[in-house]
Amino acid sequence: MRRDDVPVLEVRNVSKTFDTVVRALDEVSIAVYRGEIVGVVGENGAGKSTLMKILVGVHAPDQGILLLGGKEVPFPRNPKEAAQRGISIVYQERGVIPHLRVYQFLFLGHEERYRGPWGLQNERMKREARNILDEFHVVCDVESFMYELPLATQKMVEIARAVLGVRLESQGKDVAPVIILDEPTAPLTLEERRELFQNILRMKETCSFIFVSHIIPEVMEFVDRVYVLRDGKLVAHYDLAQDAVTEEDLFRAIVGRESLAYTFEARKKAVSSEVVLRAEGLTKRGCYYDVSFELRRGECLGLFGPAGSGKSEVLRTVAGILGFDGGKLVIKGQEAFSGEPPHVRLERGVGYCSGEAGKELFFHWSIAKNISIVNLKKILGKFFPVIRFGVERSIAEGVMGKLEIKAPGVHTECYSLSGGNKQKVSVGKWLERSPDILLLEDPTIGIDVGAREDIYEVLLEMKQKGISFILVSDDPKEYALLCDRVLVMRGGRVQRTVSAEEFREVAVG
Amino acid sequence: MIATFSREWMRKNAGTLWPLLVACIIILGFQVVNPTFLRYEGLVTLVYAMSYFLIAACGLTFVIMMGSFDFSVPSVLKLAALLCVMYIEKLGFWAIPFALLVSTGLGLLNGVLLAYLNVPSFMATLGVSIVVEGIGLYLSKGFLHIMYNERFRALATTFIFGLPSIFYWAMGIWALCTFVALCTPFGRRTYAIGGNLTAARLSGINVERQRVYVFMLSGFLAGLSGVLYMAQLGGGSMLIGSDMSIPLFASVVAGGTALSGGMGGPHRTLLGVIIITWIQSGMLMLALGRDIQMVIFGLIAVGVAVATMDRKRIRVVK
Amino acid sequence: MVKTGRAWYPFLLLVRHPVAIVLVGLVVLFSLLYPQRFLTTLNLTTILKQFVTLVLFALGPSMVVVTGSLDLSYVGIWMLGGVLVWLLTPVLGLFAICVFPLLGLGTGFLVGVVHARGKVPSFILTLCLLVVYWGLTAALSGGYSRTVKGYEFITASLVPYIPTAFLWSLPLIGAAIYLMVRTRVGLYLYAIGSNEEGAKLAGISVEKYKILAFTLSGLFTGLGTIVLFQHLGGSVPVELNLKNVVWPLVAIVLGGTPLVGGSGGPQRTLLGALTFSVFYRGLYLSLLHPEILQLLVGILLIVSIIVGARGLRGVEIT
């Protein structure tokens, strides 16, 4: 769009290596022009947050240069220096301080400017806070507590705070603020997202935004240009105004994994007609509405859709992590209630396996113990409820062999394993448990192709044995490979149900 | 042989090796200062001082392993002792189950306050211990109650192979606790809750129920310890053991069960108890007063808490 | 969102401070129950005296509770300081009283550093310190409660019916409230209690302000104990009385400062201390057994924490 201008912010050939092994960023260059919203998208671990942390001075880059308004300047060394140069960040979560009043939160960290003879000049702060909020069209009382505000308003106050920080720190020098929004919509409901974006669009005149996200429809809708990062490299750059880019293009650029050697052929067994799980009009306000589906024995059902479509929330509801407001959930013929904790759902036969190792594993435990924690009944003696260590060991060895977990032995502690092997342990413990229904959330996120193939193989084998799955993932290929049916979700609602064959044609091509 | 004592092995077992080393140094140190220390009479005194302490410490270990804290152990111990001595004439041996039932019930109350009413455990147990002290003082009217039932006293004071029976009780309880912690699902679940609460929930552990059970166990063992201690002393009042809470805490943590939870265990607590009671006896030998002992135990407790805390895993400490 | 119109203000006060309703209710109840004894100048003066004791102990710690931590060392500062005054009066004369604020300042700083750097949970740390101070008190005083003469002027009656200690406490209360409400330090303490990680992201040096919170707590306790020393008889006990530790805690929690931090503060503690004093005096007039009173205080502590902890979400309670 305004290619003839000088960008307000530009970084060239930035690289960053952690622990001399992992190359988190590799020769990445991006530019931001005045008054535009630039998207930076990529999977978890693609290097988005590393780049942002370099921009706000949390990390120092190994190489690369920073240009502000065309002039080369050193990288900031801390967030305060970054703010003096016009760069400020709004964090994904944990940024809001709920028990402060709005005006206190707005000026948090800048109180030295409001020191009066009788302590802080609260009235002056309130007055200026009102002006700022009016300028950004944020409607709220400056004296209410942050936790009283709706989440979208909280986010707007945070953004206003970021802009304010730049203004106060730069002290009169004319700097164009560049505000980094790190996954700003993650905690918001669908309605709140819309409200937030309208407000951000209004602010475009005064400042530029870097919008870090992996929610593709949002990126397509609100962003002027988008950079795609994958494995620390810049793999694509689209100008959405000029290039004809579809959501699928973007999706492919983001995921673009090495292709699986695995074929989609065969291994599909006829699914039995027995329904193990039925959802009828399941609703959780602000997350998803009127979701109905049936899951049969030995079937794998995919919940497909962009992040923020409610697919993860549906999955977590079935797992017992979230409750629901309306509808009915029937598991193996028995109605399950909202508010049941995960252990009750597990008794009903529903297991939940996440790709986040921190939710699944006890890092300072051995592999064997991690596997047996969900299989305690299996390893107990017949007459006394005592752990039989021989059985525990042989079970763990079996799992390790089946999933080809590379570790010195079953007593290796989990924190020393690589990401792929950690993930194999998580899947392995559920393999051994064999619940009737296993919920998979991003089961192969952030791991290499080899490990993924081993995991797929085991999952398909479990399916043959009659275990049903519900899958939520970011990778369409994963759906194509594992699922028999796919529910396409969007904006919290199920749009249509497609068979695996149709899905393969549409999404993978 | 060399492979067994490799650096890797040392690092892995540092939690056991350090207390062991400290225990050896302390034992040797006192022995050098006073060569008569470890004679038969001294040993019996030590065993008496250690046994009831070990039983109560085992219960507290489970709670700390789970990442919580139990202030009420000394109070419950005292109340159980008192109930026993006051009702033994009326109820006969039924006074023992009665006292144990009451202490288990108090553990249940602690657990319910934490698990279902969201009260942080140190506050819940502090409140409960105030209540317990109140009940105890009301019942005893502040007097020392003397026990005349010789059969009951024999529970703790019969000598078998030259050592009093309370020693065998304590070792039995300790072995049982170690077994429960290491070899049963109950122990696994306790470690899991202390190690990673989210993963424990998602692995299908009934976290609330387990918390209640562990506090009940702690209450039960505190009660048992009180009953046996009373049999050993021959009398009970609400003043016995009024300053044992810090040494108790110190012995659990010194053994290697960190306040951050998820590690250590009753097997370690034995070492901690040996260290602490040895120091205590050593200080008695050096004729240090109770006041100086409190100072030293307070400092030891802070020291071991700092030394064992798993600072990497815990982000926010309140 | 709650509308904050002026006309609604008294109503809002009651909604946001439910303990105010309890206070009014208690006053009415006791006035009706004991018409002859409750609303007398003698009783009201006694209530005021107790209020001063509670407030001066609880003022500093309530700042720490705002950050979500806990400071139990106040009684220790009072006891050890009292003995130091007794020791130093022959040397320094009346200036010896300055030991209190200095000791408070030093203790607070020490606790803050060990807590923030060593990441030891504050409740156990300050409890250990309390025991250390108790031991030191007993050791230094030789085991006897020592009376110091010469400071009677501090509590010499100025205004009839109003204890002078109350007048002395007013500037301290004012300073504490000013600090928490009108200054940056107070604001940051609330921020840390509300969301520690968020405060870190906002560029606040959390470690520094945590140390500052404990230092301030120690300082306020130290200044308060100058008055309290004489107010409570010009001598200190050598035995730790648990009620001295727990009552100020009850005042803080009852006032409405939740233990997880973020809201409440010294101004709420005033309300809590007043309510507790009225509650206690009313029960006292009822001629209940003193042990029953202690029991009721324990129950009150637990109930007020349960009420304070209601609706907590996303906070891991251990």
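These numbers come from the heavy atoms of this one structure, side chains and all, not from hydrogens, waters or symmetry mates. Note on naming: letters A, B, ... go to the chains in the order of the sequence lines (proteins, then strands), and numbering restarts at 1 for each one.
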#### Entry: Nearest non-hydrogen partners of C:Gly261 and A:His99, listed with the distance
O-CE1, 4.5 Å
### Task
Can you tell me which residue pairs pass the side chain to side chain donor-acceptor pair (under 3.5 Å) test with a partner in residues 245-256 of chain C, sequence neighbours excluded?
none
#### Entry: Residue A:Val96 versus chain C: region with a heavy atom under 4.5 Å
backbone
### Task
Check each atom of A:Pro98 against the heavy atoms of chain C and say whether the ones under 4.5 Å are side chain, backbone, both or neither.
both
### Query
Does a sphere of radius 6.0 Å around CZ in A:Arg77 hold more than 12 heavy atoms from other residues, nucleotides or ligands, not counting ones at 6.0 Å or beyond?
no
### Message
Rounded to the nearest 0.5 Å, what separates atom CZ in A:Phe107 from atom CG in C:Leu187?
### Response
12.0 Å
### Task
Measure the OG-CZ distance between C:Ser194 and A:Phe105 for me, rounded to the nearest 0.5 Å.
9.5 Å
### Task
Provide the full list of ring-ring contact (aromatic ring centres under 6.0 Å, His included) pairs with a residue in residues 177-199 of chain C, sequence neighbours left out, each pair given once.
C:Tyr188-C:Tyr209
### Residue among C:Gly186, C:Ala202, C:Gly193 with most heavy-atom pairs under 4.5 Å to chain A
C:Ala202
### Task
Please say whether more than 12 non-hydrogen atoms of neighbouring residues, nucleotides or ligands are located less than 6.0 Å from CZ in A:Arg285.
no
### Task
Can you see which heavy atom on A:Ile97 is nearest to which on C:Gly198, and at what distance?
CD1-C, 4.0 Å
### Query
Who wins among A:Lys80, A:Arg115, A:Gln104, A:Glu111 for the most heavy-atom pairs under 4.5 Å with chain C?
A:Glu111
### Summary
For A:Leu120 and C:Arg184 the tightest heavy-atom approach is CD1-N, 3.7 Å
### Neighbour count >12 (heavy atoms, 6.0 Å) for atom CZ, C:Phe109
no
## Note on the structure
Honestly, the part of C:Ile204 sitting under 4.5 Å from a heavy atom of chain A is side chain
